[in-house]
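See below for the structure under consideration.
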Amino acid sequence: MSATTHSTARHKLHVTMPTDTEVRMERMFDAPRQLVWDAFTKAEMLEKWWGLRSTTTKVEKLEVRVGGKYRFLQTDPTGTVHAFRGEFTAVSPIDALGYTFEYEPMAGHIVQDDVTFEDHGRQTKIVAVMTFTSKMDRDGMVNSGMEYGAAESYDMLDELLAELGASVI
């Protein structure tokens, strides 16, 4: 399993499933860690890259602190609004971010996402580990197109970082 075929970006998303309940995603970005952190934690930046190209994302709530909540509304080309929500479980500025993730129409199927931001000089490596409550939930997410969506979303993040003046190496 790997999203390398979906992306035209220089850096590809690498996806593995290390256990029956986990998905691990890794991707490099040509931007300093602080800027990548900001893109994950500032609403005005998240709205520009989170989701698919065919959708628009509105950050309704974003409280980046342990116990803080977030809620994103994503509108698809038909006008259907999809709501996602969660709670921050770990916040270590520019190093790590942990949060739960739940698609509201499928309430109760909660995923724990743990993202680390690794400093590689003028680049930043993102390692995101998604932990599901069951293999069935993990496989359901994988079969829904998660890998393609994540790759496209990270490509849009890459583009945003370039627009913001991050140096391209």
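Everything numeric here is computed off the predicted structure, so don't read it as measured data.
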Can you find a heavy atom in the side chain of T21 that is under 4.5 Å from one in the side chain of R138? no

Under the salt bridge (Lys or Arg N to Asp or Glu O under 4.0 Å) test, which residues partner D95, sequence neighbours left out? R33

Tell me, which pairs form a ring pair (Phe, Tyr, Trp, His ring centres under 6.0 Å) where one or both residues lie in residues 42-69, sequence neighbours left out? F40-W49, W50-F72, W50-F84

Does the S144 side chain pair with the main chain of M141, one donor and one acceptor, at a distance under 3.5 Å? yes

Output all residues satisfying salt bridge (Lys or Arg N to Asp or Glu O under 4.0 Å) with E118, sequence neighbours left out; order by chain, then residue number. none

For F132, check ring-ring contact (aromatic ring centres under 6.0 Å, His included) against everything at least two apart and list the hits. none

Out of curiosity, does I94 fall in the hydrophobic cluster containing M28 (side-chain heavy atoms, cut-off under 4.5 Å, transitive links)? no

Can you list the residues that meet the side chain to side chain donor-acceptor pair (under 3.5 Å) rule with Q74, with sequence neighbours excluded? T55

Side-chain heavy atoms nearer than 4.5 Å, only ILVMFWY residues, links allowed to pass through others: does that put L73 and Y103 together? no

Here the gap from K125 atom NZ to T116 atom OG1, rounded to the nearest 0.5 Å, amounts to 8.5 Å

Note: V64 and L97 closest approach over all heavy atoms is CG1-CD1, 4.2 Å

Side chain of E104, backbone of H82: donor and acceptor closer than 3.5 Å? no

Kindly compute the distance separating CG (D119) from OG1 (T124), expressed to the nearest 0.5 Å. 6.0 Å

Can you name the closest pair of heavy atoms from A83 and P105 and give their distance? O-CD, 4.0 Å

Those residues that, when tested against D114, pass side chain to side chain donor-acceptor pair (under 3.5 Å) (two or more places apart): Q112

Compare all side-chain heavy atoms of L46 with those of Y70 and state whether any distance is below 4.5 angstrom. no

Excluding sequence neighbours, so at least two apart, what forms salt bridge (Lys or Arg N to Asp or Glu O under 4.0 Å) with E22? none

Whether R27 side chain and H11 backbone form a donor-acceptor pair below 3.5 Å: yes

Rounded to the nearest 0.5 Å, the CZ atom of R24 sits from the OG1 atom of T131 at a distance of 11.0 Å

When rounded to the nearest 0.5 Å, the distance separating CE of M25 from CD of E147 is 9.0 Å

Write down the atom of R85, the atom of A107, and the distance for their closest heavy-atom approach. NH2-CB, 3.9 Å

Residues which pass ring-ring contact (aromatic ring centres under 6.0 Å, His included) with W37, listed by chain and number, not counting sequence neighbours: F117

For residues 57-66, pull every pair meeting side-chain hydrogen bond (donor to acceptor under 3.5 Å, both in side chains), keeping only residues two or more places apart or in separate chains. E60-R71

As an exercise, state the distance from CD of E102 to CE of M106, rounded to the nearest 0.5 Å. 10.0 Å

With sequence neighbours left out, the residues meeting side chain to side chain donor-acceptor pair (under 3.5 Å) with D139 are K135

Can you name the residues that form a side chain to side chain donor-acceptor pair (under 3.5 Å) with T133, not counting sequence neighbours? D137

Could you tell me which residues satisfy salt bridge (Lys or Arg N to Asp or Glu O under 4.0 Å) with K42, sequence neighbours excluded, listed by chain and number? D38

With the side chain counted from C-beta on, respond yes when K48 and E163 share a heavy-atom pair under 4.5 Å apart, and no when they do not. no

If you compare all heavy atoms of L13 against all heavy atoms of A151, which two are closest, and at what distance to 0.1 Å? CD2-N, 3.6 Å

Interatomic distance, M136 atom CE to N143 atom CG [nearest 0.5 angstrom]: 12.0 Å

In terms of hydrophobic clusters joined by side-chain contacts under 4.5 Å, are V59 and L160 together? yes

